[in-house]
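Numbers here simply count residues along the sequence, with the first being 1.
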Amino acid sequence: MEDKLILGGKEFKSRFILGSGKYNLNLINAAVEQGGAEIITLALRRANTKESENILEAKQVSVAFRIAGKFQNTSGARNAEEAVRIARLSRAMGCGDFVKIEIMRDAKYLFPDNQETIKATEILAKEGFVVMPYMYPDLNAARALKDAGAACIMPLGAPI
């Protein structure tokens with residue numbers, strides 16, 4: 001039996017989810033080409049951090065986007081309200097319904113805020129988003145995220 005990952009009605013052969021934050025295009029291309037990544041999360045606020053490296057134009061990344069669809073994340077959000085706004089704007093720009101929720105109040109340590117993440121997950125799941133929250137590892141928060149409608153959960157420090 002083939003082990004498949006199904007999220008939001010889409011089927012993926014690979015469970016390798018690649019984050020694009022502070023990316024290097026050579027590394028991202030290698031991860032897609034050699035590692036088989038089909039899902040790449042993209043923080044739109046970081047899409048053009050360097051004129052010479054635009055992640056949206058990278059050949060292998062474009063292939064991955066065609067497979068998985070654009071997969072936004074809310075990197076930079078400090079609370080549920082900001083995360084929901086980023087997700088809605090990204091959807092309106094044509095980035096689809098898949099969203100990785102990242103909410104960090106503390107810019108120094110970058111630990112996810114579970115309570116705000118739960119709030120955003122509940123709102124966005126009700127609006128039809130396929131929500132994949134990034135959370136601080138806590139079993140009770142994980143259960144709350146599942147109950148809020150998360151498609152899957154990405155704990156801090158786990159191989160996602």
Can you list the steps and then say if Arg91 with Asp97 is a side-chain contact (heavy atoms from CB on, under 4.5 Å)?
CA-CA 6 Å; Arg91 178 193 259 176; Asp97 297 327; 2.8 Å; yes

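Partner of Ile86 under the side chain to side chain contact (heavy atoms under 4.5 Å, CB included) criterion, chosen from Thr74, Ile101, Asn73: Thr74. Considering Met135, Met132, Met154 as possible partners of Leu145, the one that fulfils the side chain to side chain contact (heavy atoms under 4.5 Å, CB included) test is Met135. Test Thr121, Val131, Val84, Val130 against Val99 for side chain to side chain contact (heavy atoms under 4.5 Å, CB included) and you get one pass: Val131.
Taking CG from Asp113 and CZ from Arg78, the interatomic distance works out to 12.5 Å, rounded to the nearest 0.5 Å.
Looking at heavy atoms from C-beta onward, Phe111 lies out of side-chain contact with Asp106 at the 4.5 angstrom threshold.
Residues Asp138 and Ala141 share a closest heavy-atom pair of OD1-N, 2.6 Å. The two residues Pro155 and Pro137 come nearest to each other via the heavy atoms CB-CG, 4.3 Å. Of all the heavy atoms in Ala83 and Ala120, the pair that sits closest is CB-CB, 4.2 Å.
In the hydrophobic clustering of ILVMFWY residues, with side-chain heavy atoms under 4.5 Å counting as a link, Phe98 and Ile6 come out apart. In terms of hydrophobic clustering, with Ile, Leu, Val, Met, Phe, Trp and Tyr side chains grouped at heavy-atom distances under 4.5 Å, Leu156 and Tyr109 are assigned to a common cluster.
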Donor-acceptor list for residues 122-129 side chains, cut-off 3.5 Å, not counting sequence neighbours:
from   : atom 1 : to    : atom 2 : distance (Å)
Glu127 : OE1    : Arg88 : NE     : 3.1
Glu127 : OE2    : Arg88 : NE     : 3.2
Glu127 : OE2    : Arg88 : NH2    : 2.4

